[in-house]
Protein chains: 2
Amino acid sequence: MTGMTAARTPSTSPADRPHVGLRERKKIKTREAIRAATYALVEEQGYDATTIDQIAERAEVSPSTVFRYFPTKEDIVLTDEYDPLILEEIRARPADEPWSETMRYVLHRALEFGMDDDLAVSRLRTHLMVQVPAVRSRMMESMSATGRMLCEAIGERTGRDPDSLEVRVYAMSLIGALMETSMYWAENDHRDDFAALVDRTLDVMEHGLPHENR
Amino acid sequence: MTGMTAARTPSTSPADRPHVGLRERKKIKTREAIRAATYALVEEQGYDATTIDQIAERAEVSPSTVFRYFPTKEDIVLTDEYDPLILEEIRARPADEPWSETMRYVLHRALEFGMDDDLAVSRLRTHLMVQVPAVRSRMMESMSATGRMLCEAIGERTGRDPDSLEVRVYAMSLIGALMETSMYWAENDHRDDFAALVDRTLDVMEHGLPHENR
DNA sequence: ATGATTTTGAGAGCTACTCTCATTTCATGG
DNA sequence: CCATGAAATGAGAGTAGCTCTCAAAATCAT
């Protein structure tokens, strides 16, 4: 079910902005060339066996350039710029909607974006997350950034202090839960429907462990 | 030939066990020399500025030996061997005790052990956790190992499948929460009473965010 | 086209970490 | 007490991720 391709990116016409020059376009191309090269090489030889030099060679740039675009090797496979989107999505929800419903809705939206975009990449990413400790670590780092964003959102929404222990703990427990959900999904070879797993996760977060074993 | 093992006194007398030879003792000494050297150097110059060579020199071993004792630099400052202790502690609780109370009790016990042991080291560790991404990452890794242990414990205790999504999600959300609690403590310069923070954390995990802001 | 600015490539350099091999240190049986 | 085997150590070479610098090349503004 890969519907919902309605809201495309709003007009990439060149006349849209006067300053989308050749430079910007080349940068984007380079960035994607590096990522594409990395994905290909990692699938061919595995993550550890893939060196920066190889990536640079296949992407037809110098090794220096690779580091100019990505601070670490892990970042090449992990770019998630969803945070601002999620935040927007949260802000767009009616203010009187219960928080748990907002969360559920927003997460499903995020999944549509992230997975529809390229399911293969999502799978590779979660797979690497399970296999390669360095990637997993980097992923946790980036998710804890998402956690801080969540704190802000909760603060705006409920008037609570976003820096209070309670809000921070709540946000990070959610992040930890979702992290584990991704691992579970990948460990079971992506057989489950990820959205369904997320729903079960949110159930646990709302109501605790179910009393019956399944 | 056999060293006559006398009565069961858990004393550390040398004749107690025949096989705690000079070799074992030296290994322990080396291990602690490396750690002590690292702590000292890190407090003098900071984590990143401290190299393995410096550590080796101050501990009076070769750099090779440092890596023989610790797989990574982060591990030198992060050895937490508490997991088995915690597991034992959980198993020792009465089977009909509510899980949340068990958790609360066990965590407080773990704090007594970990903090009383050497408060200064606990502070340095959590401080590094906030400051140095690599240390934080490594810490998260080791805490996720604790999470898997928790899954086992929950399985034993409640008869649930320890590999089920629900149990794993619950365990990891707890781990994430406690991680954030540590960060909060360190970020506020260890001014709060850590045990009290843990209690507030467990409250959030049990009852969700409080409705009133504090 | 000219000059200013940005991006890139080349390469040196640092450090964490691995691997190998010879040397030293401890354990043990006669 | 010494000879033999096993384990720990040190020395050194090698790899790869990552940083920094500087000059060449590409793009932009006028």
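Every chain is numbered from 1 and lettered A, B, ... according to where its sequence line falls, protein lines coming before strand lines. Values reported hereafter were calculated over all heavy atoms of this structure, with side chains retained and with hydrogens, waters and symmetry mates removed. Nothing here was measured: the structure is a model prediction, and the numbers come from that model.
In this structure, B/Arg25 places its CZ atom 15 Å from P of D/dA8, rounding to the nearest Å. C/dT15 atom C1' lies 13 Å from atom CD1 of B/Ile76, rounded to whole Å. Rounding to whole angstrom units, NZ of residue A/Lys27 and C1' of C/dT6 are separated by 8 Å. The distance between atom CG of A/Leu22 and atom P of D/dA26, rounded to the nearest whole Å, is 12 Å. Between the NZ atom of B/Lys29 and the C1' atom of C/dT25 there is a distance of 15 Å, rounded to whole Å. Going from atom CD of B/Glu60 over to atom C1' of C/dT24 covers 17 Å, rounded to whole Å. For the pair A/Asp53 CG and C/dA12 P, the computed distance is 14 Å after rounding to whole Å.
Of the possible donor and acceptor atoms, one in the side chain of A/Arg136 sits under 3.5 Å from a partner among the backbone N and O of A/Val130. Remark: side-chain polar atoms of B/Gln54 are paired, donor with acceptor, to backbone N or O of B/Thr51 under 3.5 angstrom. Under the 3.5 Å distance criterion, the side-chain polar atoms of A/Thr65 are left unmatched by any main-chain donor or acceptor of A/Val61. For B/His108 (side chain) and B/Arg104 (main-chain N/O), a donor-acceptor pair under 3.5 Å exists by modelled atom type. Distance alone, capped at 3.5 Å, places no donor-acceptor pair between the A/Tyr105 side chain and the A/Arg93 backbone.
Residues from residues 65-75 of chain B with heavy atoms under 4.0 angstrom of DNA chain D, sorted by number: B/Thr65, B/Arg68, B/Tyr69. Of the residues in residues 32-49 of chain B, none has a non-hydrogen atom less than 4.0 angstrom from any atom of DNA chain C. A heavy atom closer than 4.0 Å to some atom of DNA chain C occurs in no member of residues 124-144 of chain A.
Here A/Thr51 lies in heavy-atom contact (under 4.0 Å) with sugar-phosphate atoms only.
Taking the nucleotide of DNA chain D with the nearest heavy atom to each of A/Lys26 and A/Ile52, the more 5' of the two is matched to A/Ile52.
Ion pairing of A/Arg35 with A/Glu32 is absent here, as no side-chain N (NZ or NE/NH1/NH2) approaches a carboxylate O to less than 4.0 Å.
A cation-pi arrangement is not found for B/Arg160 relative to B/Tyr170, the charged atom failing to lie both closer than 6.0 Å to the ring centre and inside a 45° cone about the ring normal. Figure legend: A/Lys73 and A/Phe67 shown without cation-pi pairing, the cationic atom not lying both under 6.0 angstrom from the six-membered ring centre and within 45 degrees of its axis. Annotation: cation-pi geometry not satisfied between A/Lys27 and A/Tyr69 (NZ/CZ under 6.0 angstrom from ring centroid, within 45° of ring axis). The cationic group of A/Arg168 does not satisfy the cation-pi geometry with B/Tyr184, failing either the under 6.0 Å distance to the six-membered ring centre or the 45° limit from the ring axis.
The listed nucleotides are D/dG10, D/dC28, C/dC26; the one nearest the side chain of B/Ser62 is D/dG10. Among the nucleotides D/dG12, C/dC26, C/dG9, the one closest to the side chain of A/Val61 is C/dG9.
In summary, the side chains of A/Thr201 and A/Thr181 do present a donor paired with an acceptor at a separation below 3.5 Å, with no hydrogens or angles considered.
The shortest distance between side-chain heavy atoms of B/Val167 and B/Asp163 does not fall below 4.5 Å.
The base of C/dT25 sits with one of its N or O atoms less than 3.5 Å from a complementary donor or acceptor on the side chain of B/Arg23.
Taking side-chain N and O atoms only, B/Ser64 has no distance below 4.0 Å to OP1 or OP2 of D/dA8.
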